[in-house]
Amino acid sequence: MHKTSDISIEKDIIRENINVAEENKVLLKKYNIRSYNIMGAIGSGKTSLIEIAIDHLVKKGKKVAVIAGDVVAEYDSNRFRKHDCLVIPLNTGKECHLDAHLVSHELEDMEEMGVLEDIDYLFMENVGNLICPSDFTLGEDKRIVVVSVSEGDDIVLKHPTIFRFSDICIINKIDIAEAVDASPEKMERDCHSLNPRIKILKTSVKKNIRINEWLELFD
């Protein structure tokens with residue numbers, strides 16, 4: 001009985017999240033905002049990649065906002081505040097992921113303040129893990145998952161769901177692949193075995209490897 005009840009509740013939560021995510025997407029489209037759900041483990045390079053994208057877009061005259069989601073959001077929010085963008089810290093408390101409902105409140109507040117009409121790009125940095133965010137869309141245009149070779153080249157197959165439902169995978173820190181005995185090529189093959197349509201970029205923020213291709217995603 002308990003098992004059946006838990007499954008039913010989970011399905012209801014996922015379904016409701018999908019409904020709210022669709023409402024978020026409609027709102028973002030109303031203001032012609034391009035939106036990205038950036039997922040990945042702690043230390044994979046999510047924040048650094050977003051920072052680089054912000055600077056790139058601002059130089060092109062675009063207005064950027066970031067929803068920084070985390071158990072304690074202030075740390076990454078402080079990093080984003082060093083850049084010319086709107087920063088919205090979103091503390092998730094005990095929750096291990098952002099969900100559409102949390103994001104909807106922030107979007108509603110932004111609309112009431114008249115902020116959305118001035119935004120061209122919205123980055124939603126998810127909580128740092130590869131499990132919980134996979135089930136919860138936010139209303140984004142693209143879902144991007146960031147992994148690093150330092151997590152081991154079996155990381156993709158250990159966390160298959162998030163790769164199955166992502167549009168883009170960034171395999172980061174390839175400059176240290178040999179030092180940590182990891183194969184970016186294996187990680188790429190594993191991604192495509194789970195999701196043949198996923199776009200793969202192998203990057204290094206530190207060595208500026210293929211960062212131009214990262215930035216081209218937003219052009």
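Count residues from 1 along the sequence.
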Output side-chain donor-acceptor pairs under 3.5 Å for residues 174-182, partner residues at least two apart or in another chain, one line each.
unit_1, atom_1, unit_2, atom_2, d
D175, OD1, S204, OG, 2.7

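Taking a 4.5 Å side-chain heavy-atom cut-off between Ile, Leu, Val, Met, Phe, Trp and Tyr, the cluster of L116 extends to L27, L28, Y31, I33, I67, L86, I88, L90, L98, L102, V103, L107, M110, M113, V115, I119, L122, M124, L138.
Partners of A100 under the side chain to side chain contact (heavy atoms under 4.5 Å, CB included) rule, at least two apart in sequence or in another chain, are N17, V20, A21, N24. With sequence neighbours excluded, the residues satisfying side-chain hydrogen bond (donor to acceptor under 3.5 Å, both in side chains) with E213 are R210. For the side chain to side chain contact (heavy atoms under 4.5 Å, CB included) test, residues two or more places apart in sequence or in another chain that qualify with V72 are Y75. Listed by chain and number, the residues in a side chain to side chain contact (heavy atoms under 4.5 Å, CB included) with N19 are R15, E16 (sequence neighbours excluded). Residues meeting the ring-ring contact (aromatic ring centres under 6.0 Å, His included) test with F218, sequence neighbours left out: Y36, F123, W214. With sequence neighbours left out, K158 forms a side chain to side chain contact (heavy atoms under 4.5 Å, CB included) with D154.
For the disulfide bond (SG atoms under 2.5 Å apart) condition, no pair includes a residue of residues 180-218, sequence neighbours left out. Applying the disulfide bond (SG atoms under 2.5 Å apart) rule to pairs touching residues 83-151 yields C96-C132, sequence neighbours excluded. The stretch residues 131-174 participates, sequence neighbours left out, in these ring pair (Phe, Tyr, Trp, His ring centres under 6.0 Å) pairs: H97-F136. Counting only residues at least two apart or on different chains, the salt bridge (Lys or Arg N to Asp or Glu O under 4.0 Å) pairs with a member in residues 109-128 are K30-E111.
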